[in-house]
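Quick notes on the structure that follows.
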Amino acid sequence: MSFIRKFLVVIGVIAAIPVLLTIFLVARTQYRLVKSTHTINNIPKHDPVFSSPAYKERFGGRTWANIDSFACGIVIPLAAIRPELLESDRTFADEVFMWNARMNTQFNGPPSSLPPKVGDVSASDSIRAEVTEVNPTQMAMTITTVSNGFTGGLEVIETAINRKNAVAGVRVKYLWHNDVILPRKWYQYLSIWLQLTGRRLWLMDVLSGTTARPNGDDDGVNQENKNSTAKDEL
């Protein structure tokens with residue numbers, strides 16, 4: 001009996017190793033994402049996004065029961081950015097928006113090498129994204145649930161270059177509107193967490209795509225330190 005008990009314990013330990021490893025890797029990735037980006041949960045009502053044409057045209061004329069929102073961003077030292085992207089603010093923004101096109105408005109087709117334009121649309125089985133605004137430092141998209149045709153999402157990408165402090169910033173603002181408050185609060189929190197994680201991963205892709213060399217472990221540590229003072233520099 002003692003042998004069987006020990007055997008089962010060994011089997012249990014062996015079976016638990018992959019689970020524990022997966023938990024460790026997920027936790028490690030989340031830690032790095034959180035440290036490498038700065039995040040604002042629940043965008044305040046005085047934020048310019050609520051008075052922007054992109055917002056007022058689609059969402060401004062009614063009272064919503066609930067708005068889930070967040071903003072997250074990164075700050076990149078200008079010295080790390082490819083020099084050709086710093087010729088003007090628009091040059092840098094166009095490169096960021098092309099990354100956005102690849103990740104959000106071109107996910108159902110081949111990668112795009114052209115900056116997105118107003119009216120660009122793409123869809124998967126579950127969501128439909130449409131570009132509604134593009135200007136030299138900002139891009140906006142509406143997000144529609146395909147199954148019921150409900151347009152509840154707005155995503156805004158903002159870029160800025162602060163040459164005085166020698167940094168550039170990229171920020172994502174995400175808002176999801178609901179006619180009713182969902183009864184399962186845990187489901188709301190999980191949904192927002194998944195959306196936020198996706199945007200943080202996208203920001204890391206932008207970082208790799210705009211810098212002069214791939215972002216390795218050392219650069220990741222520098223990025224964590226850089227974002228600790230991001231609000232003061234931009």
Side-chain angles (χ1 to χ4, degrees), residues 37-74 88-90 92-108 112 114-124 126-162 168-182 188-189 191-200 202-203 206 230-231 234:
T37 59
H38 56 91
T39 302
I40 299 173
N41 293 308
N42 298 317
I43 299 173
K45 289 295 185 180
H46 59 76
D47 189 276
V49 69
F50 289 104
S51 59
S52 67
Y55 184 88
K56 291 197 294 185
E57 180 181 350
R58 301 298 179 98
F59 304 101
R62 58 186 298 181
T63 300
W64 297 95
N66 184 59
I67 302 176
D68 292 313
S69 65
F70 61 79
C72 62
I74 55 173
S88 68
D89 290 9
R90 183 60 184 263
F92 176 70
D94 282 348
E95 178 67 16
V96 172
F97 295 161
M98 280 194 288
W99 277 93
N100 196 62
R102 296 183 186 111
M103 300 299 289
N104 287 301
T105 65
Q106 297 290 333
F107 52 75
N108 206 34
S112 172
L114 298 174
K117 61 183 183 299
V118 173
D120 282 355
V121 175
S122 64
S124 67
S126 57
I127 66 171
R128 175 180 180 271
E130 179 180 355
V131 179
T132 59
E133 180 183 355
V134 179
N135 64 45
T137 59
Q138 180 174 294
M139 170 185 171
M141 295 186 306
T142 56
I143 303 172
T144 301
T145 303
V146 172
S147 60
N148 57 15
F150 176 66
T151 300
L154 178 70
E155 184 166 333
V156 178
I157 314 297
E158 299 175 342
T159 64
I161 296 179
N162 187 326
V170 181
R171 177 177 292 175
V172 182
K173 294 179 180 177
Y174 175 88
L175 304 96
W176 185 265
H177 304 73
N178 288 297
D179 287 322
V180 296
I181 298 178
L182 298 177
Q188 282 180 285
Y189 297 142
S191 176
I192 292 298
W193 178 80
L194 291 173
Q195 296 294 341
L196 178 56
T197 297
R199 272 57 181 187
R200 284 170 170 162
W202 175 79
L203 286 168
V206 170
K231 295 180 182 178
L234 277 177

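Taking CG of N42 as the start and CG of L175 as the end, the distance is 10.0 Å to the nearest 0.5 Å. Here CZ of R90 is found 7.5 Å from CG of N135. Values are rounded to the nearest 0.5 Å. The OG1 atom of T137 lies 6.5 Å from the CZ atom of F97; values are rounded to the nearest 0.5 Å. With rounding to the nearest 0.5 angstrom, the CD1 atom of I143 is 6.5 Å from the CD atom of Q195. The distance from the CZ atom of R199 to the CG atom of L203 is 10.0 Å, given to the nearest 0.5 Å. Distance check: T37 OG1 to W202 CH2 gives 12.0 Å after rounding to the nearest 0.5 Å.
Side-chain contact between R58 and L154 is absent, with no heavy-atom pair separated by less than 4.5 Å. Counting only heavy atoms from C-beta outward, the side chains of E130 and T151 never approach each other to under 4.5 Å. Under the 4.5 Å side-chain criterion, counting only non-hydrogen atoms from C-beta, V131 is in contact with M139. The side-chain heavy atoms of F59 and I67, taken from C-beta on, include no pair separated by under 4.5 Å. By the 4.5 Å heavy-atom criterion applied to side chains, R62 and D179 are counted as neighbours. Between V156 and S52 the shortest side-chain heavy-atom distance does not fall below 4.5 Å. Contact of the E155 side chain with the V172 side chain is registered, since non-hydrogen atoms from C-beta on lie closer than 4.5 Å. In this structure, the side chains of T39 and N41 come closer than 4.5 Å at one or more pairs of heavy atoms.
At least one donor-acceptor pair under 3.5 Å links the side chain of D120 to the backbone N or O of K117. With hydrogens and angles disregarded, no donor-acceptor distance shorter than 3.5 Å links the side chain of T132 to the backbone of A54.
F50 pairs by the ring-ring contact (aromatic ring centres under 6.0 Å, His included) definition with Y55, not counting sequence neighbours. Under the side-chain contact (heavy atoms from CB on, under 4.5 Å) criterion, I192 pairs with D68, F70, Y174, sequence neighbours left out.
Nearest heavy atom pair, residue K56 against residue S51, reads CE-O, 3.4 Å. Of all non-hydrogen atoms in I43 and A71, the two that sit nearest each other are CG1-N, 4.1 Å. Closest approach of V96 and I157 over heavy atoms only: CG1-CG2, 4.1 Å. Summarising the geometry of S88 relative to I161, their closest heavy-atom pair is O-CD1, 4.2 Å, with the distance given to 0.1 Å.
The aromatic rings of H177 and W64 sit tilted relative to each other, their planes meeting at an angle between 30° and 60°.
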